[in-house]
Number of protein chains: 2
Amino acid sequence: MQFSILANVKRIIIWYGLALAILVFLLKFLEYRYIVRDLSLEFYLGVIAVLFTTVGIWLGLKLTRKKVITISAPQPSPPDTIFQLDEQILQQKGISKREYKVLELMAKGHSNQEIADKLFVSLNTIKTHTSNLFIKLEAKRRTQAIERAKQLRLLP
Amino acid sequence: MQFSILANVKRIIIWYGLALAILVFLLKFLEYRYIVRDLSLEFYLGVIAVLFTTVGIWLGLKLTRKKVITISAPQPSPPDTIFQLDEQILQQKGISKREYKVLELMAKGHSNQEIADKLFVSLNTIKTHTSNLFIKLEAKRRTQAIERAKQLRLLP
DNA sequence: AAACCCTTCACCCGAAAGTATGATTTGCAT
DNA sequence: ATGCAAATCATACTTTCGGGTGAAGGGTTT
């Protein structure tokens, strides 16, 4: 929500006053022409109340529109710019193909065991790869390695 | 979190009618006692209008706060690179401010201890936050939580 | 006042991650 | 063939994570 609230308030007040004036005029007009005394004060009050409650609700909604939630809006993830791997940096950092594969799976949130299963190697092998990755990416943790890799355009 | 809308509406209507009745009574009473014809119809209308606009705004706020009304607003997500946090999803997932702060620092590659130091709280507190985050993001690991959060547009 | 959420913190325990070191095999280049 | 990097695996050990549970205080809503 990026618009001036103050600017809008002024307009709202103007509209508010205008609506009120028109309404009063309309009622006066009707009162002395057609309906006259058939309708009691209670009726008028009711009409006004309902009308302005509606206005109020509308205002309330408008003012807090940002808080309205969406029930189902699954983001179809990346409509982003097409990711282009920077292989130069890959070579520059001395990251091998296998290590990069591990890095990818790591970034997807897989555990070492899951990566091992996916690549049909042992857990220890993955540990070795990750350890080497951390050294080459100057990271202490996998989350740090992932962040580093994204900054280096090694990951989308 | 869903709850009975109908039950609330019934109560609101009752209160609404009651307030209206009381107001009418009050006005009638005043009309024939003290103020009488000094005040014009316009004045009454104005008072009623303002009053019920207030009620309306209050209602609007209450309704939106309770998330009863849902208006889907699927944003097309402009091709620019500026990250726009999707607060709707944040609320939808029930992620608190503190939890989000932790999530941010987590995504930057910090350990729980580092996050604790940065936020001046204990390690155990961060552990609680992360645990709750994993539940809310349906993740088993921090790397998975980060990946999930990025897909949900909660993180750049 | 009661119910509820957020934030904070604690303790325990098991699982996963990370460190260090060493070994074997394979493919590729000198 | 020799040397070397890559890939594989192992053992042992430390650190970090994560799950489960409980609880206290502050704030808001009912």
Side-chain angles (χ1 to χ4, degrees), chain A residues 67 90-103 105-148, chain B residues 1-5 7-12 14-15 58-59 61-68 90-103 105-148:
Chain A
K67 289 193 195 291
L90 213 59
Q91 275 189 279
Q92 187 190 323
K93 294 284 178 185
I95 295 173
S96 69
K97 286 176 201 119
R98 205 56 166 168
E99 283 164 352
Y100 182 71
K101 195 87 199 76
V102 171
L103 178 60
L105 293 172
M106 213 163 70
K108 283 185 183 171
H110 295 294
S111 69
N112 283 341
Q113 187 58 66
E114 287 172 350
I115 297 172
D117 293 343
K118 265 186 199 297
L119 299 182
F120 302 106
V121 294
S122 85
L123 173 61
N124 286 312
T125 302
I126 302 302
K127 283 189 173 188
T128 304
H129 287 325
T130 53
S131 280
N132 290 331
L133 272 170
F134 297 155
I135 293 169
K136 292 170 183 175
L137 289 173
E138 297 153 281
K140 285 190 175 62
R141 284 166 284 283
R142 47 179 47 215
T143 48
Q144 210 172 53
I146 293 166
E147 176 66 12
R148 269 300 273 135
Chain B
M1 56 174 128
Q2 63 253 51
F3 50 87
S4 170
I5 297 174
N8 266 24
V9 168
K10 229 186 284 181
R11 220 175 48 208
I12 286 172
I14 290 173
W15 276 107
W58 178 78
L59 270 178
L61 286 174
K62 192 178 179 65
L63 288 176
T64 49
R65 196 176 51 232
K66 288 296 182 181
K67 298 167 193 166
V68 167
L90 212 59
Q91 275 189 270
Q92 189 189 329
K93 295 281 176 188
I95 296 172
S96 69
K97 285 170 209 133
R98 206 57 166 166
E99 284 164 352
Y100 182 70
K101 196 89 198 73
V102 171
L103 178 60
L105 293 172
M106 213 164 70
K108 284 184 183 171
H110 295 295
S111 69
N112 284 341
Q113 186 59 67
E114 286 173 350
I115 297 172
D117 293 343
K118 265 186 199 296
L119 299 183
F120 303 105
V121 295
S122 86
L123 173 61
N124 286 313
T125 302
I126 301 303
K127 282 188 175 188
T128 304
H129 287 324
T130 52
S131 278
N132 290 331
L133 272 171
F134 297 155
I135 293 170
K136 291 171 184 176
L137 289 173
E138 296 152 284
K140 285 189 175 62
R141 285 166 284 284
R142 45 178 50 215
T143 48
Q144 210 171 55
I146 293 167
E147 175 65 12
R148 209 65 190 92

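Sequence lines set the chain letters: A, B, ... in the order given, protein chains first and strands last, and positions in each chain run from 1. Computed from heavy atoms alone, side chains included, the values below leave out hydrogens, waters and symmetry copies.
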Could you tell me how far apart [X] ([atom1]) and [N] ([atom2]) are, to the nearest whole angstrom?
| X | N | atom1 | atom2 | result |
| --- | --- | --- | --- | --- |
| A/Lys101 | D/dA6 | NZ | P | 18 Å |
| B/Met106 | D/dT16 | CE | P | 17 Å |
| B/Leu133 | D/dG19 | CG | P | 11 Å |
| A/Glu114 | D/dC17 | CD | P | 18 Å |
| A/Ile135 | D/dA6 | CD1 | P | 13 Å |
| A/Tyr100 | D/dA6 | OH | P | 17 Å |
| A/His110 | C/dA15 | NE2 | P | 22 Å |
| A/Arg141 | D/dG18 | CZ | C1' | 16 Å |

Item to check | Step-by-step side chain to side chain contact (heavy atoms under 4.5 Å, CB included) determination, A/Leu133 to A/Val102 | outcome: CA-CA 9 Å; A/Leu133 272 170; A/Val102 171; 4.3 Å; yes

One would report the end-axis bend of the helix from C/dA1-D/dT30 to C/dT30-D/dA1, five pairs per end and rounded to 10 degrees, as 50°

Pairs under 3.5 Å (N/O, protein and nucleotides 4-10 of chain C):
residue, atom, partner, partner atom, Å
C/dT7, OP1, B/Arg98, N, 3.4
C/dT7, OP2, B/Ser96, OG, 2.3
C/dT8, OP1, B/Arg98, NE, 3.0
C/dT8, OP1, B/Arg98, NH2, 2.9
C/dT8, OP2, B/Arg98, NE, 2.9
C/dT8, OP2, B/His129, NE2, 3.1
C/dC9, OP2, B/Ser122, N, 2.6
C/dC9, OP2, B/Thr125, OG1, 2.9
C/dC9, O5', B/Thr125, OG1, 3.4
C/dC9, N4, B/Thr128, OG1, 3.0

List in chain and number order the residues that pass side-chain hydrogen bond (donor to acceptor under 3.5 Å, both in side chains) with [X], two or more places apart in sequence or in another chain; answer none if no residue qualifies.
| X | result |
| --- | --- |
| A/Thr125 | A/Ser122 |
| B/Thr130 | none |
| A/Asn132 | none |
| B/Lys140 | none |

So the salt bridge (Lys or Arg N to Asp or Glu O under 4.0 Å) pairs with at least one residue in residues 106-132 of chain A (sequence neighbours excluded) are A/Glu114-B/Arg141

Sequence neighbours excluded, the answer for salt bridge (Lys or Arg N to Asp or Glu O under 4.0 Å) partners of A/Lys136 is A/Glu99

Applying salt bridge (Lys or Arg N to Asp or Glu O under 4.0 Å) to B/Glu147 and not counting sequence neighbours gives none

Can you tell me if the side-chain N/O atoms of A/Asn112 get under 4.0 Å from OP1 or OP2 in C/dA16? no

Minimal heavy-atom distance between A/Met106 and B/Thr143, with the atoms involved, is O-CB, 4.0 Å

Going 5' to 3' through nucleotides 25-30 of chain C and flagging B where a protein heavy-atom sits under 4.0 Å of the base, S where only the sugar-phosphate is that close, and - otherwise, we get ------

Rounded to the nearest 0.5 angstrom, the OG1-CG distance for A/Thr128 and A/Asn112 is 10.0 Å

task: Go through the steps for B/Ile126 and B/Leu105 under the test side chain to side chain contact (heavy atoms under 4.5 Å, CB included), then give the verdict.
output: CA-CA 11 Å; B/Ile126 301 303; B/Leu105 293 172; over 6 Å; no

